[in-house]
Structures are given as structure tokens and as C-alpha cells.
Amino acid sequence: MQRLIGLFLTAFRRGVCAAVALSWAFAASGASAESLKDQVATEGRITIGIHNVWPWGIVNDHGSASGIHPDVLKAVTEQLGVKKVEFVVMDFGALIPSLQARRIDAVASGMNITPPRCQQVTFSDPFMISGDAVLVRKGNPLNIHSYQDIAQNSRIRVGDMRGASTTPNALAAGVSKDQIQLFPDASAEVAALLSGRLDALLFATGSALGILRDPNVKGIERAMPFQGLVQNGKEQVAYAGIAFRKEDSDFVALFNKALAQKKADGTVAGILAQYGFSSLKDNVPNGITAMTVCGD
């Protein structure tokens with residue numbers, strides 16, 4: 001009899017433990033599935049991913065995130081109830097995977113809107129335009145002034161950052177993939193250029209300017225002029241926005257409405273000007289939305 005009672009108690013305990021574990025699993029699943037809209041409403045908090053490259057998304061002297069994209073995000077989400085913006089620094093190529101894994105709630109670090117990325121995330125409407133740039137050693141010894149120049153000289157070795165939009169642009173312009181070496185961050189690229197392992201570095205214009213403003217970086221310059229990818233007789237430009245998870249489209253709709261207001265009252269233009277983007281060509285024309293750029 002005692003043995004039967006013991007077996008019964010053991011089974012009962014196991015059942016309770018299983019039920020508790022199952023309830024915890026459901027609770028965790030519910031928490032992880034919480035929408036960004038609900039999180040902002042209940043906690044007033046959002047976590048962004050940055051890759052610590054000026055002017056896109058950097059850790060400032062006060063230990064918080066700044067740069068064009070974090071500053072725009074803060075200005076827009078403040079009126080949506082966001083009181084605290086936390087951040088995680090990571091390699092550029094890890095930003096979208098981290099967003100999809102719910103480690104962060106948004107990518108606010110100079111990410112251009114491209115159709116392939118649109119398949120993975122939902123972008124806000126764009127708020128700035130940038131082009132492609134190339135950094136070379138002083139004097140531009142190989143006379144590089146376009147993607148075509150690189151494509152026509154198979155000995156030219158170029159570096160780019162993993163996940164950057166400049167790589168597909170270069171490939172589309174005829175540069176061989178064998179000419180391109182990918183790096184996790186800008187500092188590794190610059191070191192490879194200065195050591196002679198590379199002949200040129202591909203960057204968005206703002207990233208190139210950020211590297212050149214570093215007083216510790218010497219011996220390189222921006223190739224001027226430089227012609228990027230040309231399609232249908234027109235040089236292509238990149239539109240940048242904030243990336244969110246696909247399932248947070250309801251929050252993105254609210255974000256876009258508030259973003260439109262910040263564009264109209266000059267807030268966004270003021271932020272761009274703080275980082276050296278003050279000409280009309282840096283502003284997104286009216287009518288250009290994320291859907292326009294994504295090709296939807």
C-alpha cells in the first residue's frame with residue numbers, strides 16, 4: 001500500500017511540475033510575442049540596434065545612442081509614448097538577425113531600404129538620401145573614380161562591410177565577387193587598406209565622411225569624383241529608414257504618421273544638418289515611401 005501511495009505521489013508531483021513548466025512556456029511565449037505597440041504602451045521602452053559608425057548610430061560621450069537614425073527615432077517616438085531608448089552595439093551584419101530574434105526592437109543605424117531587406121523587415125518611410133563612396137590611399141594611385149573602373153581592372157581589391165548595400169551595387173555594376181572582401185566593421189577595412197591588402201573601400205557617403213573625420217585615420221582619402229551604380233542612365237541613390245519586425249507593422253504605421261509631422265516641422269532636416277547633411281539633395285522627395293522603394 002505504501003508503495004502504491006508513493007507511486008501516486010510521484011506521478012502527482014510530476015504532473016504538477018509539467019503543468020507549471022507548460023504554464024511558464026505559455027507565459028514566455030506570450031511575452032515574446034508582445035507587439036512593439038503594446039510594449040511601448042505599457043513600458044514606454046524601445047531597444048535599438050546600432051553598429052557604432054558615425055553618423056548613423058554611435059555611442060556618444062554620455063554613454064547613450066546618438067547619430068542620425070537614433071536622433072530621428074527619439075524625436076518621432078517621444079510623441080508615441082517612448083520614454084526610454086535602450087541600445088545594443090553589434091556588427092552591421094548582425095542587425096537584421098538580432099531584430100528577427102527579438103533581441104532588439106528596431107534597427108536605427110544607417111540601414112538603407114532595399115527590396116531584399118524588405119522581405120525580411122518592415123521599414124519606416126525614408127527620411128534621408130545617400131550615395132555610394134570609395135576610400136583609397138592618398139593620391140588615389142589606381143585612379144578609381146567609378147564602379148566601372150573597378151570592374152575593368154580585375155587586380156583592384158576592394159573591401160566592404162558584411163550586409164552593406166554597397167556590395168550588391170558593386171556587383172550589379174559589373175565588379176566581380178572575387179574582387180570583394182567582406183569585413184565585420186569599418187576599422188578592419190581601414191586597417192586592410194592601409195596595410196596594402198586592399199586598394200579601395202566601399203561605403204555609403206556618410207560612413208566615408210565619418211571615417212575621414214577621425215583624427216587617428218591618416219593616409220587615406222575619398223575618391224573624387226566617384227560614380228556609383230548607373231541604371232537606365234541615372235546614378236542610383238539609397239533611401240534610409242528605421243527597420244522594424246514584420247509583425248510590428250501597426251507600430252510602423254503610427255511611426256510613419258509621426259515621422260511625417262517631424263519632416264513637415266523641420267525637425268528631421270535639423271537633425272540631418274547637425275551631421276553635415278544640409279543640402280536639398282539629402283532630403284527625400286514628397287511621395288517617396290518605404291513601399292515605393294521596396295517595390296511593393
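Because the structure is predicted, anything quoted here is derived from the model rather than measured.
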*asked:* Counting C-beta onward and ignoring hydrogens, is there a side-chain heavy-atom pair between Leu182 and Thr167 closer than 4.5 Å?
replied: yes
*Which residues satisfy the salt bridge (Lys or Arg N to Asp or Glu O under 4.0 Å) test with Arg137, sequence neighbours excluded?*
Asp199
*Just grab all the salt bridge (Lys or Arg N to Asp or Glu O under 4.0 Å) pairs involving residues 229-245, residues at least two apart or on different chains.*
Asp105-Arg245, Arg245-Glu247, Arg245-Asp248
_Taking ring-ring contact (aromatic ring centres under 6.0 Å, His included) as the cut-off, I'd like each qualifying pair that reaches into residues 176-201, sequence neighbours left out, listed once._
none
_Partner set under side chain to side chain donor-acceptor pair (under 3.5 Å) for Thr267, not counting sequence neighbours_ = Asp265
_Please enumerate all residues that pass salt bridge (Lys or Arg N to Asp or Glu O under 4.0 Å) together with Lys218, with sequence neighbours excluded._
none
*asked:* Applying ring-ring contact (aromatic ring centres under 6.0 Å, His included) as the test, list every pair that has at least one member in residues 82-107; sequence neighbours left out.
replied: His51-Phe92
*Who pairs with Phe203 by ring pair (Phe, Tyr, Trp, His ring centres under 6.0 Å), at least two apart in sequence or on another chain?*
none
*Residues in side chain to side chain donor-acceptor pair (under 3.5 Å) with Glu86, at least two apart?*
Thr47, Lys84
*With sequence neighbours excluded, tell me which residues meet salt bridge (Lys or Arg N to Asp or Glu O under 4.0 Å) with Glu43.*
Arg45
_Show me the pairs that pass ring-ring contact (aromatic ring centres under 6.0 Å, His included) and involve residues 154-175, at least two apart or across chains._
none
*asked:* Going by the rule salt bridge (Lys or Arg N to Asp or Glu O under 4.0 Å), which residues pair with Asp125 if we only count those two or more places apart in sequence or in a different chain?
replied: none
*Ignoring hydrogens and angles, state whether a donor on the side chain of Asn143 or His145 is under 3.5 Å from an acceptor on the partner side chain.*
yes
*By ring pair (Phe, Tyr, Trp, His ring centres under 6.0 Å) - contacts of Phe226 (at least two apart)*: Tyr147
